[in-house]
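Comments concern the structure below.
Convention: sequence-line order gives letters A, B, ...; per-chain numbering from 1.
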There are 2 protein chains.
Amino acid sequence: MSAIKQSHQDAIRKATELFWAKGFHATSMRNIQQAMDMRPGSIYASFGGKEALFKEALNAYTANSQASLQASVAAAGSPLAGLKQFVIDAVIGGAENAPSGLCMLVKTISELTDEHADLLAEARRLLSVLEDDFAVVLQRAKEAGELSESSDCTRLARYLQMQLMGLRAYARTNAGGDEQLRALIDDTFAIIGKS
Amino acid sequence: MSAIKQSHQDAIRKATELFWAKGFHATSMRNIQQAMDMRPGSIYASFGGKEALFKEALNAYTANSQASLQASVAAAGSPLAGLKQFVIDAVIGGAENAPSGLCMLVKTISELTDEHADLLAEARRLLSVLEDDFAVVLQRAKEAGELSESSDCTRLARYLQMQLMGLRAYARTNAGGDEQLRALIDDTFAIIGKS
DNA sequence: GCTAGATTTGAACGATCGTTCAAGACATAA
DNA sequence: TTATGTCTTGAACGATCGTTCAAATCTAGC
């Protein structure tokens, strides 16, 4: 990758961090200028305006999440174990690792209205991409014998996606108690495993 | 209630709608001035600044949610049936009735950072109030024989709260498919009922 | 070294933000 | 009617918003 392409990606990574942490409206272009160490003209020449930059940030975030999921699955002993570790990291480590503990796509869907219909649609699309990734891993778990032959992986992926949203949101509510969160995650995977 | 007190409450209701629909940052005081049909001086004299008004909106929202829950339980044949109907209304009707389909308190926790630590704390506090209400209803369900004697109502309330967060967030993702949502709710209450 | 094209700079624009406050409108009691 | 205290008005403030663009700087080919 060329140096210019590299710095381009670094800049997007910085913007993604900011948008993720503060949301779309609370992040100002001046915040981004400072984080990128770039002047407004350069940013607008490279990325377009705030909305275009946010869209790139959403995609960068999703690509990163997909890579994390694959890494978890590869590191774990089995597809289902990897999936569970991915969830644990997202929910428990969320408060420290991730800017707010929440998924950036869910934050976006929560914050934005039809006033930014394109960004809303992009976040929805990317969430379904991640859900599809879940389904693929679950399918592999099924093939590995971790799930019964009759399991509906698409439905389980939907359940897992919904559950992950709830877990991360609840984790941000709940001041103490990682054990409570772990118990909820255990319950979730017990239910998935039974199906 | 005096007429002045009534108009005061009406004004807060309007502000709550706006804040709920658009979030804290995207709602401007001028939006609120227009919705309330009041001039800035009056608003600042009556409610204080934007943050104080938002805090009142959070409380008004919560009081309304509590009333809805009690109404659902009263209308239904049993505590558990009322609880389920409350969830169904929140998740399925959410997209139409509620400004964004999401709980205002969860939206707040998702949007705000430590920059507004007091508002964040207030939203967290109110969410735990609602969770306590869930626990009370579940306790009544237990007493009515809808749950086993060994059920831990506090834990079930936590589970329900988390589940509701996930369901409402997922509902905003999912363009079509009320049936999918209904199925997820059925699953949730099947699990609660089994405990 | 010189020139032409691409890139970066940072001051500046108009709009809008949350908030203030002197001045006007209104209500109440004498 | 007049005086007095309360509430309302809307223009205005300084700050910050997303964005633009002429000028300065850098880069590459001859």
Side-chain angles (χ1 to χ4, degrees), chain A residues 1-58 108 111-120 122, chain B residues 1-58 108 111-120 122:
Chain A
M1 188 186 301
S2 66
I4 170 170
K5 202 77 182 169
Q6 174 64 39
S7 80
H8 189 95
Q9 296 248 343
D10 280 354
I12 287 183
R13 206 174 43 81
K14 290 265 174 49
T16 303
E17 274 176 32
L18 269 182
F19 277 131
W20 188 6
K22 307 178 56 169
F24 179 77
H25 285 114
T27 303
S28 73
M29 288 303 280
R30 282 170 179 81
N31 292 150
I32 291 171
Q33 289 158 28
Q34 188 172 358
M36 287 184 170
D37 190 27
M38 289 173 73
R39 264 37 67 191
S42 294
I43 295 178
Y44 278 81
S46 298
F47 306 102
K50 191 184 185 184
E51 297 203 12
L53 188 50
F54 189 75
K55 193 178 254 184
E56 294 217 48
L58 288 177
T108 298
E111 178 184 5
L112 298 185
T113 65
D114 290 337
E115 204 175 341
H116 301 278
D118 48 337
L119 296 178
L120 210 48
E122 184 71 354
Chain B
M1 186 185 304
S2 65
I4 170 171
K5 201 79 183 168
Q6 174 65 38
S7 80
H8 190 95
Q9 297 248 343
D10 279 355
I12 288 183
R13 207 175 41 83
K14 290 266 174 49
T16 303
E17 273 177 32
L18 268 183
F19 277 131
W20 188 7
K22 306 178 57 169
F24 179 77
H25 285 114
T27 304
S28 73
M29 289 302 281
R30 282 170 179 83
N31 292 150
I32 291 171
Q33 290 157 27
Q34 188 171 359
M36 286 183 171
D37 191 26
M38 291 173 73
R39 261 40 63 194
S42 296
I43 295 178
Y44 279 81
S46 298
F47 306 103
K50 191 186 186 184
E51 296 202 12
L53 187 51
F54 188 74
K55 194 178 250 183
E56 294 218 47
L58 288 177
T108 298
E111 177 183 6
L112 298 186
T113 65
D114 291 334
E115 205 176 340
H116 302 277
D118 49 335
L119 296 178
L120 211 47
E122 183 72 353

Considering just the side-chain nitrogens and oxygens of A:S28, establish if one lies under 4.0 Å of OP1 or OP2 belonging to D:dT16.
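Negative; the distance criterion is not met.
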
Under 4.0 Å: is that the gap between some side-chain N or O of B:S46 and OP1 or OP2 of D:dC7?
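False: B:S46 side-chain N/O out of range (4.0 Å or more) of D:dC7 OP1/OP2.
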
Atom [atom1] of [X] to atom [atom2] of [N]: distance rounded to whole Å?
X	N	atom1	atom2	value
B:K22	C:dT16	NZ	P	12 Å
B:Q33	C:dC17	CD	P	10 Å
B:H25	D:dC17	NE2	P	11 Å
A:M29	D:dT20	CE	P	10 Å
A:F19	D:dG18	CZ	P	8 Å
A:K50	D:dT16	NZ	P	15 Å
B:Q34	C:dT16	CD	C1'	14 Å
A:R39	C:dA6	CZ	P	22 Å

What is the distance from atom CD1 of A:I12 to atom CE of A:M36, rounded to the nearest 0.5 Å?
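CE of A:M36 is found 7.0 Å from CD1 of A:I12.
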
Ignoring hydrogens and geometry, is there a side-chain-to-backbone donor-acceptor pair from B:E111 to B:H25 under 3.5 Å?
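Yes, B:E111 side chain to B:H25 backbone: donor-acceptor pair under 3.5 Å.
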
Please figure out whether A:G41 or A:R30 has its closest DNA chain C nucleotide nearer the 5' end.
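Its nearest nucleotide lies further toward 5', so the answer is A:G41.
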
Give the nucleotide from the list C:dT9, C:dT19, D:dT8 with an atom nearest to the side chain of A:S42.
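So the side chain of A:S42 is nearest to C:dT9.
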
Heavy-atom nearest nucleotide on DNA chain D for A:T27 versus B:I43: which residue maps closer to 5'?
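The residue mapped nearer the 5' terminus is B:I43.
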
Testing the basics here: between B:L53 and B:I43, what is the closest heavy-atom pair and its distance to 0.1 Å?
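That would be CD2-CG2, 4.3 Å.
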
Using a 6.0 Å distance limit plus a 45 degree cone around the ring axis, check whether B:K50 lies over the aromatic ring of B:F24.
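Yes - B:K50 lies over the ring of B:F24, closer than 6.0 Å to its centre and within 45° of its axis.
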
